[in-house]
Amino acid sequence: MSILEMKVPSPGESITEVEIATWLVADGDYVEKDQPIAEVDSDKATLELPAEQSGIITLKAEEGDVVPVGGVVCLIDTSAQKPEGADKDIPQEKKEEKTSPQEVQQNTPVAKAAEPATADLPINQNTGIASPAAKKILAEKDIDPKNVPGTGKNGRITKEDAQNFTPAMGTAPAYANRDSERKKLSMLRRKLSERLVSVKNETAMLTTFNEVDMSAIFALRKQYKDEFKEKHGVSLGFMSFFTKAVVRALQLFPEVNSMIDGDFQIKNNFYDISIAVSGPKGLMVPVVRNAEMLTFRGIEKNIAELAIKVRDGIISIDEMTGGTFTITNGGVFGSMLSTPIINPPQSAILGMHNIVERPIVKNGGIAIAPIMFVALSYDHRIIDGRESVGFLVAVKEALENPSELLLGGKEDADIRRALEL
């Protein structure tokens with residue numbers, strides 16, 4: 001017998017322990033090399049733990065346990081033979097198609113591989129046993145697994161069963177449900193809570209607001225977006241314009257691109273822009289490095305690739321650390337106005353919001369225009385009102401006159417050169 005001890009690898013610098021969030025396999029299962037066997041939470045991200053070798057697994061930690069980096073989480077008997085039919089037992093929920101940058105830009109749903117059903121296995125049994133993915137879906141729908149017929153092996157509830165089940169299919173309760181659930185926060189959520197509270201308590205955070213007429217950007221996108229996408233494979237979105245406008249404003253007001261370190265102020269001469277992306281585990285903030293050196297195509301491709309990694313759960317710690325300024329877009333969820341919280345150790349964050357047609361004064365008359373409210377939250381300890389307001393006005397100016405200030409000129413040749421068309 002040959003036993004492999006699987007130890008917790010280091011997810012990144014300064015991380016000393018992780019929490020077992022979910023086991024994706026059961027004790028005694030046969031696992032393949034590189035098969036995801038668990039999801040582990042650190043104080044910065046949720047990561048998958050792949051099997052180092054093939055064999056029979058013995059779990060040495062339970063869900064919710066905190067294990068130090070280098071600690072043993074399971075044993076794998078690498079001398080064990082693969083049982084017949086073991087392929088049928090491997091959860092299919094993890095075998096997902098990868099999303100292309102085009103699909104992320106278009107918000108196209110990712111097709112999932114369904115768990116196979118075999119004719120000789122019991123089906124439609126209410127066993128209450130659900131796969132990890134099915135369990136998560138049912139929890140979100142507030143459905144008791146015992147009410148869901150399972151079509152998987154031995155009545156196991158598959159992800160498809162959970163997705164397709166509606167309460168009308170089960171037995172309605174004779175009385176109102178007054179149950180409650182007590183669930184421990186993940187390590188990532190606990191750390192995020194600590195950081196948010198510390199930001200509010202330890203910084204002199206203020207927020208200034210402005211509004212942006214998005215008409216010029218709408219016109220540019222309408223004229224060039226099809227050709228841009230056909231040539232570069234990604235959409236010409238709003239984020240490249242906002243990233244370019246932010247970099248320009250940071251160059252004009254370098255205090256906004258700085259941070260506090262004890263009694264010192266550190267001014268950064270590079271522009272690593274953190275972009276908030278919503279993922280399955282919550283909001284992640286991957287970083288577009290040296291945004292000042294990237295073209296519109298480079299920014300859009302960077303953001304699309306990072307968004308795919310966030311949504312597939314494969315973003316690394318290094319890809320989420322080291323930003324100098326953050327952009328967050330609450331508008332995709334319908335937010336009209338908000339006061340975003342600074343992402344420490346940065347000193348400022350720009351909040352984008354939804355775009356709504358509103359009446360405004362143009363050339364002495366009333367006109368209807370697509371308007372977005374923008375908000376800059378900043379640390380008043382090192383950023384004064386002049387810098388904060390001036391920075392936001394510079395962002396507004398660039399977004400309302402993108403041809404000259406971001407694309408190098410109003411002529412078609414200048415715009416096409418900047419968009420690499």
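FYI, side chains are in, hydrogens and waters are out, and symmetry mates aren't considered; it's all heavy atoms of this structure. For clarity, every value in this text was computed on a predicted model and none was experimentally measured.
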Intermediate values then yes/no, side chain to side chain contact (heavy atoms under 4.5 Å, CB included), S338 and H353: CA-CA 8 Å; S338 67; H353 300 91; 2.8 Å; yes
Under a plain distance cut-off of 3.5 Å, with no hydrogens placed, do [Y] and [X] share a side-chain donor-acceptor pair?
X    : Y    : answer
N257 : E255 : no
T295 : E420 : yes
S215 : D213 : yes

Would you check if [X] and [Y] make a side-chain contact, meaning some heavy-atom pair closer than 4.5 Å?
X    : Y    : answer
E319 : L306 : yes
Q35  : L24  : no
V247 : L294 : no
T243 : I275 : yes
L206 : S388 : no
I355 : F238 : yes
M352 : M239 : yes

How far does [atom1] of [X] sit from [atom2] of [Y], to the nearest 0.5 angstrom?
X    : Y    : atom1 : atom2 : value
S240 : R297 : OG    : CZ    : 12.0 Å
R248 : L406 : CZ    : CG    : 7.0 Å
I368 : K362 : CD1   : NZ    : 10.0 Å
K200 : T203 : NZ    : OG1   : 8.0 Å

Considering all heavy atoms, the nearest E17-V69 contact: N-CG2, 3.9 Å
Shortest non-hydrogen contact between L337 and F373, atoms and distance: CD1-CB, 3.6 Å
D414 and its side chain to side chain donor-acceptor pair (under 3.5 Å) partner, picked from R416, K410, R417: R417
With S258, the side chain to side chain donor-acceptor pair (under 3.5 Å) member among Q346, E387, K267, Q265: Q265
Sidechain N-carboxylate O distance under 4.0 Å for K396, E400: yes
Cationic N near anionic O, under 4.0 Å, K82 to E32: yes
Flag if over 12 foreign heavy atoms under 6.0 Å of CG, N201: yes
K141 atom NZ, neighbour heavy-atom count above 12 within 6.0 Å: yes
Derivation and outcome, ring pair (Phe, Tyr, Trp, His ring centres under 6.0 Å), residues F296 and Y224: CA-CA 12 Å; F296 280 78; Y224 296 104; over 10 Å; no
Check: N290 main-chain N/O paired with D272 side-chain donor or acceptor under 3.5 Å: yes
S347 side chain to V256 backbone, donor-acceptor under 3.5 Å: no
Verdict with reasoning, I341 to I349, per side chain to side chain contact (heavy atoms under 4.5 Å, CB included): CA-CA 7 Å; I341 296 180; I349 179 172; over 6 Å; no
Test log, rule side chain to side chain contact (heavy atoms under 4.5 Å, CB included), inputs V234 and F228: CA-CA 7 Å; V234 289; F228 187 90; 4.1 Å; yes
Stepwise side chain to side chain contact (heavy atoms under 4.5 Å, CB included) test for V374 and F242: CA-CA 11 Å; V374 290; F242 271 84; 4.1 Å; yes
